[in-house]
Engineer: 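The structure's right below; bear with me while I get my questions together.
Excluded from the calculations below are hydrogen atoms, water molecules and symmetry mates; all remaining heavy atoms, backbone and side chain alike, are included. All ligand and atom numbering here is 1-based and tracks the order in the structure. Remember, predicted model here, so these are calculated numbers, not experimental data.
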Amino acid sequence: MVLKCSKCGNPAVIYRKFEGKALCKHHFIRDVRFKVNRTIRKYGMIKRNDRVVVGISGGKDSALLLKLLRDKQKKQGHFELEALLIDEGIAGYRDKTKKYAKELCERLDVPYYEYSFKKSFGKTLDEMVKLEKEKYGYEVHACTYCGTFRRYLLNKGARELRADKLAIAHNLDDEAQAILANYLRGDLLRAVRIGYVPYFVEDEKFVVRIKPLRDIPEKETTLAAMLLELPFSLAECPYVTDAFRGDVRDIINMLEDKYPGIKYSIVRTFDRIQPALRSLVEMDRIRRCSRCGEPTSQRTCKACILLKRIGEE
Ligand code: SF4
């Protein structure tokens, strides 16, 4: 039996267990668009004349985010839009996904910018990982290097592009996983930093991050990107080995399967208790890194500490 759209009776492309609703292509895309626009409006993510830089990767989430923001911009025209890709230097992976990111920007007519680890730090991620292994004799967790330098460059790149907002393509699954992982690790400081309106100490060198896809489950970002025929890559990073995060993802997916809607519950509940959490945790004062001048809560930022670790000195 063909599943029918709960709104119009046409063949459905998705059945949402948590709502008990099936949707056809037209109503599904319309609903995703509605939810993203609602998130943007509700949390005042984009203001008139804002310059928004979207962090893109060549993957489905950032492809969908750029497309939806471009459509919004065309319709409302009150903000500027640019895309920024960080090339970590992962052979056989980023070089491939980058092609899709460029193609997407060309197709959507959005200016494309690229910052690379090699140009900014003198080494690719592959070289950093190799150096760490040579110097310290064990396999390093590449994501520690990658995450630190990527965050650093996204902020620096967006700031140099004079962005008011840096849009990140985190979906509902990413948020639910981050919330639960921080809770299980007992990392309150990190926990208070996530949320619809990220908590950060105001600083002229920080660009405000926004997450318009935060209400859209990963399954739906993939389907929407496919239905909209966006160019994106499904390639997986060869370093993806964060076993803990993988376990958290599996647990949440297992629970979602049994108790539909649990991902929304995790995020919604967290949003409600977050103001109380924030009052418990004292955020560090922001200062300038003694080596590079970027904002940090320590004397030296984490990027400079890692660079020194694998440097020649
Ligand atoms: Fe970077 Fe790790 Fe993600 Fe690969 S899996 S892109 S190394 S954070």
Engineer: Is R309 close enough and on-axis enough to Y136, meaning under 6.0 Å and within 45°, for cation-pi?
Structural biologist: yes
Engineer: Considering non-hydrogen atoms of the protein only, which is the closest contact for atom 3 (Fe) of ligand 1, and what is the distance?
Structural biologist: R150 NH2, 3.8 Å
Engineer: Strictly by modelled atom types, are T97 and R94 linked by a side-chain donor-acceptor pair under 3.5 Å?
Structural biologist: yes
Engineer: Hey, is there an N, O or S on C143 sitting under 2.8 Å from atom 1 (Fe) of ligand 1?
Structural biologist: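 False for C143.
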Engineer: Which atoms from ligand 1 have a heavy atom of C237 less than 4.0 Å away?
Structural biologist: 4 (Fe), 5 (S), 6 (S), 7 (S)
Engineer: Could you tell me how the ring of F149 sits relative to the ring of F121: parallel (under 30°), tilted (30 to 60°) or perpendicular (over 60°)?
Structural biologist: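 Correct class here is tilted.
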Engineer: Would you mind checking which non-hydrogen protein atom is closest to atom 1 (Fe) of ligand 1, with the distance to 0.1 Å?
Structural biologist: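 The protein heavy atom lying closest is C146 SG, 2.3 Å.
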Engineer: Can you tell me if E160 and Y113 form a side-chain donor-acceptor pair at under 3.5 Å?
Structural biologist: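 Short answer, no.
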